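Taking it in order: structure first as structure tokens, then the write-up.
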Amino acid sequence: MAQKTNRKPTPVVPIPLADPSVPYPEISGDEPCLQDPDFWFPEQGVTAGPAKAFCSACSVMADCLAWALANPHLAADGVWGGKTRTERNALRRNAMRRAA
């Protein structure tokens, strides 16, 4: 027999699909991600540490992260702004919790 629980249902929080007010980062052509794009999309089980380390020295890292956070459907995978998809999702969730 199934046991009854008194858990409250998890609230559904709408996540915007895009924010057109956040422009794609202006790039100069010297950014590390333009040199080897596949490097920024490591296979499952492969660490993203090296890609994240390159991001930390990039002049557009903050703009890149802002764009990726505002456009999750376009930046669903890979390292953007020094963050993996899991890290970006956590940042979005935390921002939505703070806003609620």
Side-chain angles (χ1 to χ4, degrees):
M1 182 166 195
Q3 193 175 22
K4 271 189 162 179
T5 63
N6 291 331
R7 287 190 214 167
K8 293 181 182 178
T10 303
V12 176
V13 178
I15 297 175
L17 290 179
D19 184 351
S21 69
V22 180
Y24 191 78
E26 289 199 30
I27 54 177
S28 65
D30 295 330
E31 291 76 18
C33 56
L34 297 177
Q35 309 312 316
D36 183 8
D38 293 335
F39 184 68
W40 310 100
F41 297 89
E43 295 178 21
Q44 188 171 356
V46 176
T47 181
K52 291 169 63 173
F54 275 105
C55 281
S56 67
C58 183
S59 62
V60 296
M61 184 179 94
D63 293 339
C64 181
L65 178 59
W67 182 85
L69 290 171
N71 298 282
H73 65 293
L74 297 175
D77 294 318
V79 175
W80 291 81
K83 304 288 184 201
T84 64
R85 177 176 69 177
T86 302
E87 293 167 330
R88 291 190 307 274
N89 287 341
L91 288 172
R92 267 190 229 93
R93 280 192 307 273
N94 290 337
M96 295 187 94
R97 286 182 187 137
R98 284 191 301 271

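This structure is a prediction, so every number in the text was calculated from the model and none was measured. For reference, positions follow the sequence shown, starting with 1.
By the 4.5 Å heavy-atom criterion applied to side chains, Asn94 and Arg98 are counted as neighbours. Looking at Pro32 and Phe39, their side chains never come closer than 4.5 Å, going by heavy atoms from C-beta outward. Between Arg92 and Leu69, the closest side-chain pair of non-hydrogen atoms falls below 4.5 Å.
Evaluation of the salt bridge (charged side-chain N to carboxylate O under 4.0 Å, His left out) rule for Lys83 yields no partner, not counting sequence neighbours. Take Asp77 and apply the salt bridge (charged side-chain N to carboxylate O under 4.0 Å, His left out) test, not counting sequence neighbours, and it matches Arg85. For Thr47, the side chain to side chain contact (heavy atoms under 4.5 Å, CB included) criterion is met by Pro50, not counting sequence neighbours. Listed by chain and residue number, nothing satisfies the side chain to side chain contact (heavy atoms under 4.5 Å, CB included) test with Pro23 (two or more places apart in sequence, or in another chain). The side chain to side chain contact (heavy atoms under 4.5 Å, CB included) check on Ala66 picks up Val22, with sequence neighbours excluded.
Tyr24 and Val79 fall within the same hydrophobic cluster, defined by Ile, Leu, Val, Met, Phe, Trp and Tyr side-chain heavy atoms under 4.5 Å apart, directly or through other members. Following chains of ILVMFWY side-chain contacts shorter than 4.5 Å, one cannot reach Val60 starting from Leu74, and the two form parts of different hydrophobic clusters.
Across Arg88 and Ala68, no two heavy atoms sit closer than the pair CD-CB, 3.7 Å. When all heavy atoms of Cys58 and Glu31 are compared, the pair lying nearest together is SG-CG, 3.7 Å. Here the shortest heavy-atom pairing between Trp40 and Cys55 reads CZ3-SG, 3.7 Å. Contact between Gly78 and Phe41 at its shortest, heavy atoms only, is CA-CD2, 3.4 Å.
Sorted by first then second residue, the side chain to side chain donor-acceptor pair (under 3.5 Å) pairs that include residues 58-70, not counting sequence neighbours, number zero.
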